S.K.: 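Encoded as structure tokens, here's the structure I'll be asking about.
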Amino acid sequence: MSEGGSDAYYDDRRERKSDFENSEDETRRFRIGAFRKKAINASNKFTRSLKKRGKKKVDYRFPSVLIEDVHDEKEENVVYELHQQLLDRNLLPPIHDDYHTLLRFLKARDFNIEKTIQMWQEMLNWRKEYGTDTILEDFHFEELEEVLQYYPQGYHGVDRDGRPVYIERLGQAHPNKLMRITTIDRYMKYHVQEFERALHEKFPACSIAAKKRIYSTTTILDVQGLGVKNFTRTAATLLAAMAKVDNNYFPETLQQMFIVNAGPGFQKILWPAAQKFLDAKTIGKIQVLEPKSLGKLLEAIDPSYLTFWVALVPVLLSVAASGPTRVHGVILK
């Protein structure tokens with residue numbers, strides 16, 4: 001498809017925005033579909049074509065794969081305005097010229113454009129200083145295998161909507177032992193690197209598999225065994241650093257989080273303490289599940305992705321045996 005054909009959607013927008021229509025600078029086009037496919041080939045991008053208008057539905061085509069992307073019209077108008085202002089201020093590098101990236105930052109600032117621009121500029125400055133744009137190639141976390149022994153975590157499968165599932169077994173974390181293997185600075189570089197890997201590899205790969213645009217994750221936090229011993233000064237420093245990076249530079253990438261195996265002590269003492277590091281929007285996406293409520297986890301994630309989880313399997317089997325679970329209006333046997 002030609003460049004003009006792939007930007008048909010923006011041709012429509014330019015018809016309604018005379019100042020944009022008259023612009024001769026082709027680089028000012030809003031390449032919302034700059035959705036790179038590092039999972040397949042880093043040099044390839046989605047080809048875009050508009051199939052429906054109204055409540056915008058954009059189809060991204062990659063070889064023989066059709067990827068559906070539905071845009072809310074009101075959100076789209078605000079994203080477009082933000083895009084124009086960022087262009088006017090020379091604050092939109094091509095690598096970040098993406099609809100959902102802009103939308104995530106707008107959501108983080110309640111669609112206040114000036115506050116979003118400030119947040120965006122701080123993000124660009126941080127990425128330049130931190131070396132984020134090249135961290136996938138430049139940083140090597142040789143101690144990863146040892147780190148995972150004292151802070152078990154990783155991606156495993158997808159949820160029922162096709163989002164990647166990230167799991168942390170926080171109750172098995174040993175902050176002091178962790179710091180004998182690595183440092184907070186190096187762990188934070190690994191943390192940022194994994195965010196970049198999700199944005200440029202995992203989300204595109206999941207989008208291809210689900211045939212729709214995926215741009216957020218589902219997280220399971222296993223707190224079995226978590227106690228005051230885990231909340232050392234090192235743990236607090238690390239948690240605060242990760243929360244700052246997540247909230248300020250990678251906002252709105254969490255779709256939902258389930259905290260499982262939480263005892264009374266966690267809910268009364270540790271959970272209130274942990275909330276001090278989180279913003280209200282993030283807290284609103286978190287569900288602390290009691291054993292009798294684990295059916296909610298099965299509604300979000302197929303149990304076949306959880307069978308490796310020895311501590312959780314007996315409870316899940318018990319939930320499944322207690323009766324059918326309804327998911328999106330469909331009863332699961």
Side-chain angles (χ1 to χ4, degrees), residues 6-21 28-36 45-61 66-89 91-124 159 161-164 195 198-199 203-204 206-207 210-218 246-256 279-285 328:
S6 66
D7 285 324
Y9 166 65
Y10 297 104
D11 291 340
D12 176 67
R13 293 305 300 253
R14 284 195 295 276
E15 289 174 4
R16 289 177 283 165
K17 298 283 184 178
S18 60
D19 57 337
F20 190 48
E21 179 184 13
R28 294 169 65 84
R29 290 189 179 186
F30 190 0
R31 294 189 297 273
I32 283 177
F35 189 42
R36 296 186 306 160
K45 295 181 181 179
F46 278 117
T47 305
R48 290 90 64 193
S49 62
L50 181 68
K51 295 299 178 186
K52 292 185 180 180
R53 301 176 187 271
K55 186 172 176 96
K56 297 296 186 292
K57 178 180 176 182
V58 182
D59 292 333
Y60 297 86
R61 296 179 183 274
L66 180 68
I67 304 228
E68 182 179 288
D69 193 5
V70 177
H71 297 170
D72 178 86
E73 191 166 6
K74 290 182 179 179
E75 290 180 347
E76 188 178 71
N77 290 334
V78 185
V79 171
Y80 180 82
E81 179 62 27
L82 172 63
H83 177 266
Q84 287 302 108
Q85 292 205 30
L86 291 176
L87 284 174
D88 291 342
R89 304 182 194 201
L91 292 174
L92 192 59
I95 192 175
H96 301 306
D97 191 351
D98 174 76
Y99 179 86
H100 288 286
T101 301
L102 296 180
L103 181 60
R104 288 193 292 104
F105 278 80
L106 279 166
K107 287 181 176 180
R109 290 298 177 264
D110 297 318
F111 289 88
N112 182 303
I113 288 183
E114 285 304 317
K115 290 182 178 179
T116 303
I117 290 174
Q118 180 181 352
M119 183 185 190
W120 184 269
Q121 189 163 17
E122 291 172 354
M123 177 271 293
L124 291 179
D159 68 13
D161 290 317
R163 303 182 194 92
F195 253 120
L199 291 173
F203 290 169
C206 287
S207 296
K211 296 184 180 180
K212 62 182 179 181
R213 188 69 186 266
I214 300 296
Y215 45 86
S216 59
T217 65
T218 289
D246 298 358
N247 295 334
N248 294 342
Y249 310 130
F250 299 96
E252 298 294 322
T253 51
L254 175 68
Q255 179 68 26
Q256 56 192 341
D279 60 45
K281 284 189 175 182
T282 300
I283 293 173
K285 298 177 181 180
H328 299 313

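Keep in mind the model is a prediction, meaning the values are calculated, not measured. Hydrogens, waters and symmetry mates are skipped; everything else that's a heavy atom, side chains included, is used.
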S.K.: Only counting residues at least two apart or in another chain, list the ones meeting side-chain hydrogen bond (donor to acceptor under 3.5 Å, both in side chains) with Asp246.
M.R.: His191
S.K.: Measure from the side-chain N and O atoms of Asp110 to the backbone N and O of Asn112, and report whether any donor-acceptor pair falls under 3.5 Å.
M.R.: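 Between the backbone of Asn112 and the side chain of Asp110 there is no qualifying donor-acceptor contact (under 3.5 Å).
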S.K.: Can you confirm whether Arg163 sits close enough to Gln256 that some side-chain heavy atom of one is under 4.5 Å from a side-chain heavy atom of the other?
M.R.: yes
S.K.: Write down the atom of Asp161, the atom of Ala210, and the distance for their closest heavy-atom approach.
M.R.: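 The answer is O-CB, 4.4 Å.
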S.K.: As an exercise, state the distance from OG1 of Thr116 to CG of Leu82, rounded to the nearest 0.5 Å.
M.R.: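 Output value for this atom pair is 6.0 Å.
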S.K.: Using the side-chain hydrogen bond (donor to acceptor under 3.5 Å, both in side chains) criterion, which residues pair with Asn248? Sequence neighbours excluded.
M.R.: none
S.K.: List the steps and the verdict of side chain to side chain contact (heavy atoms under 4.5 Å, CB included) for Leu103 and His71.
M.R.: CA-CA 10 Å; Leu103 181 60; His71 297 170; over 6 Å; no
S.K.: What's the separation between atom CD1 in Ile117 and atom CD in Glu114, rounded to the nearest 0.5 Å?
M.R.: 4.5 Å
S.K.: Closer than 3.5 angstrom, by distance alone: can the side chain of Arg104 be matched with the main-chain N or O of Pro251 as a donor-acceptor pair?
M.R.: yes
S.K.: Quick one: OG1 on Thr282 to CG on Asn247, what's the gap to the nearest 0.5 Å?
M.R.: 5.0 Å
S.K.: Can you check whether His96 reaches Trp120 side chain to side chain, under 4.5 Å on heavy atoms?
M.R.: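 A side-chain contact under 4.5 Å exists here.
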S.K.: Working to the nearest 0.5 angstrom, can you tell me the gap between Gln121 CD and Arg89 CZ?
M.R.: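 Atom-to-atom, Gln121:CD and Arg89:CZ are 8.5 Å apart.
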S.K.: Show the nearest heavy-atom pair for residues Glu75 and Phe111, with the distance to one decimal.
M.R.: CG-CZ, 3.9 Å
S.K.: Taking 4.0 angstrom as the limit, do Lys115 and Glu122 come out as a salt bridge?
M.R.: no
S.K.: Side chains of Tyr215 and Leu199: does their closest heavy-atom pair fall under 4.5 Å?
M.R.: no
S.K.: Apply side chain to side chain contact (heavy atoms under 4.5 Å, CB included) to Val78 and Ile113, showing your working.
M.R.: CA-CA 8 Å; Val78 185; Ile113 288 183; 4.2 Å; yes
S.K.: Find the distance between CG (Asp159) and CD1 (Ile214) and round it off to the nearest 0.5 Å.
M.R.: 7.5 Å
S.K.: Strictly by modelled atom types, are Glu81 and Gln85 linked by a side-chain donor-acceptor pair under 3.5 Å?
M.R.: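 Distance-only check passes for Glu81 and Gln85.
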S.K.: If I take atom CG from residue Leu124 and atom OH from residue Tyr249, how far apart are they, to the nearest 0.5 angstrom?
M.R.: 11.0 Å
S.K.: side-chain hydrogen bond (donor to acceptor under 3.5 Å, both in side chains) with Lys285: which residues, sequence neighbours excluded?
M.R.: Glu252
S.K.: Is it true that, when you exclude Lys281 itself, more than 12 heavy atoms of the residues, nucleotides or ligands shown sit nearer than 6.0 Å to its NZ?
M.R.: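 Atom NZ in Lys281 is crowded, with more than 12 foreign heavy atoms closer than 6.0 Å.
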S.K.: Got His83 and Asp97 here, is their nearest side-chain heavy-atom distance under 4.5 Å?
M.R.: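 Touching, per the 4.5 Å side-chain cut-off.
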S.K.: Do the side chains of Asp69 and Ser207 get nearer than 4.5 Å, heavy atoms only?
M.R.: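 Contact flag for Ser207/Asp69 side chains = no.
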S.K.: Any non-hydrogen side-chain atom of Leu92 less than 4.5 Å from a side-chain atom of Leu102?
M.R.: yes
S.K.: Please name the pair of heavy atoms, one in Ser216 and one in Pro164, separated by the smallest distance, quoted to 0.1 Å.
M.R.: O-CD, 3.6 Å
S.K.: Looking only at non-hydrogen atoms, find the nearest pair between Thr253 and Phe195 and report the distance.
M.R.: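 In terms of heavy atoms, the two residues are closest at OG1-CE2, 3.3 Å.
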S.K.: Measuring only between side-chain heavy atoms, which start at C-beta, is Val79 closer than 4.5 Å to Phe105?
M.R.: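 The answer is no, as the side chains (C-beta and beyond) never meet within the 4.5 Å cut-off.
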